[in-house]
> 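Below are the structure tokens for one structure; questions will follow.
Here is the naming used below: chain letters follow the sequence lines, and residue numbers restart at 1 for every chain.
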Amino acid sequence: MSEKVLMKGNEALAEAALRAGCRNFFGYPITPQTELAAYMAKRMPKAGGNYLQAESEVAAINMVYGAAAAGARVMTSSSSPGVSLKSEGISYLIGADLPAVIINVQRGGPGLGGIQPSQADYWMATRATGHGDGHVIVFAPSTVQEMADLVAKAFDLADRYRVPVMILADGLLGQMMEPVVLPDPIDTAEIPAKDWAANGHKGLRPHNTISSLFLVAQQLEDSVLARHDRYQLIKEVEQMAQEEQVEDAEVVVVAYGAAARVCRSAMHKAREEGIRAGLIRPITLWPFPTDSIVRALGPGRAFLSVEFSTGQMVEDVRLAVEGRAPVSFFGHTGGVVPTPDEVLGAIRRAASGERFNELPFKNRPKGGVL
Amino acid sequence: MANLDIMLAGFGGQGILFAGKLAAYAGMLEGREISWLPSYGPEMRGGTANCSVCLSDEPIGSPLVVEPDVLVAMNMPSFDKFADKVKPGGNIIVDSTMADVCCMRRDVGFSRVPATQLAEDNGLKGLANVILIGRLLKLTGFSDLATLDAAIEKSVPPHKADLVGFNKKALRIGHEFVDAEECQ
């Protein structure tokens with residue numbers, strides 16, 4: 001095992017990708033993700049791989065399509081507006097059943113928005129990374145260590161299910177430094193062969209075709225349903241969440257990524273004043289860890305979703321809860337990071353039986369509207 | 001050891017982020033939980049820059065320091081912005097060459113270090129940041145000199161290895177600094 005090093009989240013993602021056998025990276029710079037591409041620019045050539053700064057995000061994602069179709073481990077990274085640009089290409093990757101890893105180090109939106117940390121792309125990541133009936137697997141790391149650890153898993157799941165995997169981070173995680181023990185480099189010979197890849201065969205086998213075009217409706221339905229069969233399996237076996245002090249909790253806070261860190265601080269403060277708060281931290285956002293939420297249901301127990309958004313994941317919490325418990329929401333958006341004390345205030349209210357959707361509206365009485 | 005939340009702030013180019021990295025690195029070398037979070041907005045290109053560093057024995061929740069135990073302010077805007085946020089019982093350290101200021105608060109420790117001037121006088125131009133880390137070390141005891149020396153060796157990039165000695169010297173100047181009489 002390698003030693004502990006101090007690294008930015010963006011750099012840890014890049015180094016972990018190299019160690020996971022990624023030898024192709026195509027991207028375009030955008031704050032707060034740029035250190036990832038810069039790291040790749042420096043290291044990828046030395047690792048014998050291809051680094052290319054494309055002329056745009058659209059070009060980059062289509063280069064990813066090409067490399068993935070040829071069977072390569074390939075990654076791209078961007079931040080929110082750049083990921084919007086990639087969305088067509090991501091849909092094509094999904095439609096052509098191509099494995100790839102896509103990083104989104106989120107910033108505030110919509111539009112060009114800002115460059116501060118945000119979680120406003122939850123819907124884009126989990127609902128509509130592009131057009132059509134498709135999904136990508138979405139990981140949401142919460143520490144620099146987890147950013148490093150999830151990369152190899154992202155490549156493995158992408159290959160196993162032939163589904164693109166998105167790592168949804170944010171500017172706070174991308175920019176911060178924490179100690180990290182980097183995973184050992186994998187033996188690339190152990191990556192399962194991709195017998196479907198269009199990578200040249202000197203006429204020794206039938207052609208492989210990579211395409212997302214099916215003009216006969218029945219063929220398209222068959223193709224989509226075959227993929228959804230895999231989605232079903234993914235939902236059954238790939239849900240990941242971390243549960244902390246949920247057993248005795250009266251308020252179960254649900255938060256992912258950087259927001260979960262703020263909530264952990266708030267949870268400890270709540271416990272100190274006698275409020276039994278717990279935390280469910282989804283690590284996969286798609287599939288959403290519905291099983292964890294359902295397991296946490298219990299008499300007198302309330303849920304509180306806390307996000308750097310106006311309330312997106314809270315819908316998945318409500319879908320999982322199915323009306324069996326009160327679900328409240330607290331958030332900031334646009335790059336404003338909530339303080340632990342603000343979250344503590346929301347925990348207190350949820351513990352007192354209040355049910356609320358709290359956003360920091362100006363000129364409106366505190367308490368918001370439901 | 002107690003948790004320590006540090007806020008370092010100043011102009012872009014004063015070495016705020018590097019100073020924060022030294023503190024974070026020292027914490028890591030001592031096996032503590034640490035986080036380092038820079039401001040990364042337009043301030044990087046010439047405005048005010050700041051950096052949150054958390055040292056703890058527990059996993060770190062929010063890495064964004066809102067109420068610091070220690071504020072290291074390298075200019076006046078940073079002092080104005082963060083002085084009120086320091087926890088009671090905490091410490092404020094200012095580079096008094098850059099921010100000739102007295103602190104009105106009586107519930108925090110206050111140290112005026114003419115770090116930029118000291119750096120110039122000792123042929124250490126640009127190392128006011130490390131002088132202030134030396135003062136921080138003395139006031140809080142968050143680590144020890146040997147660990148900070150190791151942090152310097154790890155943090156100074158290889159192509160600037162000749163600067164290691166200057167950094168260590170700056171650290172000691174800050175560590176040995178004694179405040180003049182309390183300012184009124």
> Measure across A:Arg261 and B:Pro63 and return the closest heavy-atom pair with its distance rounded to 0.1 Å.
NE-CD, 3.8 Å

> Quick one: which of A:Ala258, A:Gly171, A:Pro338, A:Gly9 has the most heavy-atom pairs under 4.5 Å with chain B, could you say?
A:Gly171

> Checking A:Pro340 against chain B: side chain, backbone, both or neither under 4.5 Å from a heavy atom?
side chain

> Any chance OH of A:Tyr39 has more than 12 other-residue heavy atoms, nucleotides or ligands included, within less than 6.0 Å?
yes

> Determine whether more than 12 heavy atoms belonging to other residues, nucleotides or ligands lie under 6.0 Å from atom NZ of B:Lys87.
yes

> Please state whether the side chain, the backbone, both or neither of B:Leu29 comes within less than 4.5 Å of a heavy atom of chain A.
neither

> Just so I understand: if I count every heavy-atom pair under 4.5 Å between each of B:Gly27, B:Ser155, B:Pro38 and chain A, which residue has the most?
B:Pro38

> Does any backbone or side-chain atom of A:Val5 lie under 4.5 Å from a heavy atom of chain B? Answer side chain, backbone, both or neither.
backbone

> Take a 6.0 Å sphere around NZ of B:Lys81 and say whether it holds more than 12 heavy atoms from other residues, nucleotides or ligands.
no

> Which bit of B:Leu64 comes within less than 4.5 Å of chain A, counting heavy atoms only: side chain, backbone, both or neither?
side chain

> Can you tell me if CD on A:Glu273 sees more than 12 non-hydrogen neighbours from other groups inside 6.0 Å?
yes

> Could you tell me whether the side chain of A:Thr339 reaches within less than 4.5 Å of the side chain of B:Ser62, counting heavy atoms only?
no

> List the atom of A:Leu6, the atom of B:Lys21, and the distance in Å for their closest heavy-atom pair.
CD2-CG, 4.1 Å

> Of all heavy-atom pairs between A:Lys4 and B:Met28, which one has the smallest distance, and what is that distance?
O-CE, 3.8 Å

> Taking all non-hydrogen atoms of both residues into account, name the closest pair between A:Lys8 and B:Trp36 and its distance.
CE-CZ3, 3.7 Å

